[in-house]
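Following: one structure in structure tokens, then a few remarks.
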There are 2 protein chains.
Amino acid sequence: MERRQNLEHTSLLVLSLLSREDMYGYQMITEIQKKLDSSFTMKEGTLYPILKKLEASEAVESYEQPVPGGRIRKYYHLTAAGRQLLRREEEAWHTYEKSINQILKCESGGILPEGS
Amino acid sequence: MERRQNLEHTSLLVLSLLSREDMYGYQMITEIQKKLDSSFTMKEGTLYPILKKLEASEAVESYEQPVPGGRIRKYYHLTAAGRQLLRREEEAWHTYEKSINQILKCESGGILPEGS
DNA sequence: TCCTTATACCTTGACACTCGATGTATATCT
DNA sequence: AGATATACATCGAGTGTCAAGGTATAAGGA
């Protein structure tokens, strides 16, 4: 019954975050939480498999960095291929977005001229 | 490798289409194709299960209507509950849309003030 | 006549994605 | 000592998508 969040464009978000700076997984989660203020959350069970997949396809590279405290962070860096992928996914997202809105806008106002 | 289309907001689209007029399944598919010009397609294997689910949850009602040719069409009609569902799904969609764009817009232009 | 295409319905099974739950480990705070 | 925060990761149930297949009628072409 619970509405599953279904991000679906998760890899787009990950790539976009990494386009600004190298980040580690936990950081991406908290960043998104901060930015979106709980309108949705990126779950660990969603994120980590995606990072793996992106690394396997060489869209990102990772390196570990010890933190003074003693823990180790695994940073991810966007590759050139990843940047291209980002462009493509972004475009796909906007197409998708427009398509949905195109259908919705016909809703009750109705019959709009389909020309310019 | 093939990018699966992943409509994900399919039921929203179905509800939206039905908010204007009663429609039958095949018609929804062709309508969307017409409106969106192949930017994506609603597949039968996706649509029919959703119509079933919407009917089971009483968001839509169906009735059959014979066509002069001899075939029978199964029309779907949006109920009051369905209209409410549409409002909710629409709102969820816009929240989702904004969230994604919120992340994307920070991309390269960077550091926007987070206040109003 | 047969074959293809279009209309119109529907199901199945493989695959993909999400996420709650669970597990590891360290550091800090109470 | 126990809870919380940081930081990594996996698993399995549930759900959604879609190619493929199936049924059936009608029209158009070879």
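Predicted model only: the values in this text are computed from it and were never measured. Just so it is clear: chains get the letters A, B, ... in the order the sequence lines come, proteins before strands, and each one is counted from 1.
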Checklist outcome for this item: To the nearest angstrom, the CD-P distance between A:Gln33 and C:dC19 comes to 12 Å
Next on the checklist: With a 4.0 Å cutoff (strictly under), does any side-chain N or O of B:Lys74 reach OP1 or OP2 of C:dC10?
Outcome noted: yes
Item to check | Euclidean distance, atom CD of residue B:Glu64 to atom C1' of C:dA8 [Å, nearest integer] | outcome: 11 Å
Checklist entry - Between C:dT11 atom P and B:Ile50 atom CD1, what is the distance in whole Å? => result 14 Å
Next on the checklist: Check the phosphate of C:dC9 against B:Tyr48, side-chain N and O only, distance under 4.0 Å to OP1 or OP2. Yes or no?
Outcome noted: yes
Item to check | Closest-nucleotide ordering on DNA chain D, the 5'-leading residue of A:Lys52 and A:Val67 | outcome: A:Val67
Item to check | Length of the line joining A:Glu89:CD and C:dC17:C1', which is rounded to integer Å | outcome: 14 Å
Next on the checklist: In this structure, how many angstroms lie between the P atom of C:dC10 and the CD1 atom of B:Ile72, rounded?
Outcome noted: 11 Å
Checklist entry - Would one find a side-chain N or O of B:Thr10 under 4.0 angstrom from OP1 or OP2 of D:dG16? => result no
Item to check | Contacts of type salt bridge (Lys or Arg N to Asp or Glu O under 4.0 Å), residue A:Lys98, not counting sequence neighbours | outcome: none
Checklist entry - So does A:Lys53 get a side-chain nitrogen or oxygen closer than 4.0 Å to the phosphate oxygens (OP1/OP2) of C:dA16? => result no
Checklist entry - Residues two or more places apart in sequence or in another chain: which of them pass salt bridge (Lys or Arg N to Asp or Glu O under 4.0 Å) with A:Glu31? => result A:Lys34, A:Lys35
Next on the checklist: Within residues 21-32 of chain B, which residues have any heavy atom lying less than 4.0 Å from an atom of DNA chain C?
Outcome noted: B:Tyr24, B:Gly25, B:Tyr26
Item to check | side-chain hydrogen bond (donor to acceptor under 3.5 Å, both in side chains) contacts in which one or both residues fall within residues 52-61 of chain B, not counting sequence neighbours | outcome: B:Glu55-B:Ser62
Item to check | Qualifying residues under side chain to side chain donor-acceptor pair (under 3.5 Å), relative to A:Ser99, sequence neighbours excluded | outcome: B:Ser39
Checklist entry - side chain to side chain donor-acceptor pair (under 3.5 Å) with B:Ser16: which residues, sequence neighbours excluded? => result A:Glu107
Checklist entry - Tell me: CD of B:Gln65 to C1' of C:dC9, nearest whole Å? => result 16 Å
Checklist entry - For A:Arg71, which residues count as a side-chain contact (heavy atoms from CB on, under 4.5 Å) partner, sequence neighbours excluded? => result none
Checklist entry - With B:Glu64, which residues qualify under side-chain contact (heavy atoms from CB on, under 4.5 Å), at least two apart? => result B:Ile72, B:Lys74
Checklist entry - What integer distance in Å separates B:Leu47:CG from D:dA19:C1'? => result 16 Å
Item to check | Positive for side chain to side chain contact (heavy atoms under 4.5 Å, CB included) with B:Tyr76, one of B:Leu17, B:Leu18, B:Val14 | outcome: B:Leu18
Item to check | Salt bridge flag under 4.0 Å for residues B:Glu91 and B:Arg88 | outcome: no
Checklist outcome for this item: Reading nucleotides 20-30 of chain C from 5' to 3' and marking B where a protein heavy atom lies under 4.0 Å of the base, S where only the sugar-phosphate is that close, and - otherwise, the string is B-----BS---
Next on the checklist: Distance check needed: D:dT23 C1' versus B:Arg73 CZ, whole Å only.
Outcome noted: 18 Å
